[in-house]
Every structure is written in C-alpha cells, then in structure tokens.
Amino acid sequence: NNMNLRSILFTLTARFLLFIFFIIYAIPFLFIVLTPVQYRLRSKFLAILSYGFYWGGLKCALVPIKYEGLENMPDEPCIIAANHQSSLDI
C-alpha cells in the first residue's frame, strides 16, 4: 500500500532527523541543565540556546506548527490565555 509506505518513510525520516539533532545538541543541552538556575534565568545566551533546542526539536520531529485566529488579535496590548492540549502545544 502506497499510503503505508509513505507513513513509514515519514516516520523514519523524522526519527533520523531527531537522532542527529539530539547528538548535535547533547553538549549544549547539558550546559543548560547544569547551569545553576539563578544564572540560567538571567542569561540571554542560555535563553536563545534553550529556544533553539525546542524549536529545532519540533522542526526535526516534523511536527506541523500552525497558528489559528491571528485575524482575531486586537491591535492594543492584551493577555492571551492558552488552553494546551499537550506539552507539545507550549
């Protein structure tokens, strides 16, 4: 079946990309985790490194990211309360 083969190839590609990503990011991730919290929260470098880790992980896992309802956003400042379905939503 063509659909099953496509699904298997997609899954294998995503797993391979994640494996390579985590090998590349293993040392920076350990650096982030082992840094004391008081420095981790104040460091712009570590914030960028953490963001890159999560963003890269989602992209390598081939997780689609979509934004819905941007046309409903007001122009003035507002508070957005999200209803997360899983930890991948964050």
Side-chain angles (χ1 to χ4, degrees):
N1 189 336
N2 190 24
M3 198 62 171
N4 284 341
L5 180 62
R6 184 175 175 198
S7 177
I8 291 170
L9 287 175
F10 181 83
T11 302
L12 289 175
T13 302
R15 299 302 183 254
F16 176 74
L17 288 173
L18 270 174
F19 177 74
I20 297 299
F21 174 76
F22 285 123
I23 285 178
I24 292 170
Y25 243 100
I27 305 258
F29 181 74
L30 285 174
F31 180 70
I32 293 169
V33 170
L34 295 176
T35 302
V37 175
Q38 64 266 23
Y39 300 118
R40 198 180 327 157
L41 297 176
R42 286 188 270 160
S43 172
K44 188 163 182 95
F45 171 73
L46 290 178
I48 292 169
L49 197 61
S50 297
Y51 177 79
F53 177 77
Y54 291 114
W55 182 84
L58 287 174
K59 289 296 182 183
C60 287
L62 303 176
V63 173
I65 299 172
K66 63 180 182 176
Y67 302 96
E68 294 179 2
L70 290 177
E71 66 278 357
N72 299 325
M73 292 290 295
D75 292 331
E76 61 272 356
C78 63
I79 295 175
I80 299 173
N83 181 11
H84 300 293
Q85 300 298 317
S86 71
S87 61
L88 285 176
D89 293 345
I90 300 173

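The structure displayed is predicted, hence computed values, not measured ones.
Here the rule is side-chain contact (heavy atoms from CB on, under 4.5 Å) with Arg15, and of Leu17, Thr13, Thr11, Leu12 only Thr11 fits it.
One hydrophobic cluster holds both Leu18 and Tyr54 under the rule that ILVMFWY side chains link at heavy-atom gaps under 4.5 Å. Tracing side-chain contacts under 4.5 Å through hydrophobic residues (I, L, V, M, F, W, Y), one never reaches Ile23 starting from Ile27; they form parts of separate clusters. Linking Ile, Leu, Val, Met, Phe, Trp and Tyr residues whenever their side-chain heavy atoms come within less than 4.5 Å places Phe31 and Val33 in a single cluster. Ile24 and Phe16 end up in the same hydrophobic cluster when Ile, Leu, Val, Met, Phe, Trp and Tyr side chains are linked at under 4.5 Å.
Under the salt bridge (Lys or Arg N to Asp or Glu O under 4.0 Å) criterion, Glu76 pairs with no residue at all, not counting sequence neighbours.
Heavy atoms only, all atoms of each residue included: Phe22 and Phe53 are closest at CE2-CZ, 3.4 Å.
Counting heavy atoms of neighbouring residues, nucleotides and ligands inside a 6.0 Å radius, atom CD of Glu68 does not exceed 12 of them. The number of heavy-atom neighbours closer than 6.0 Å to CD1 of Ile79, taken from other residues, nucleotides and ligands shown, is 12 or below. For Asp75, the CG atom is loosely surrounded, since the number of other residues' heavy atoms within 6.0 Å does not exceed 12.
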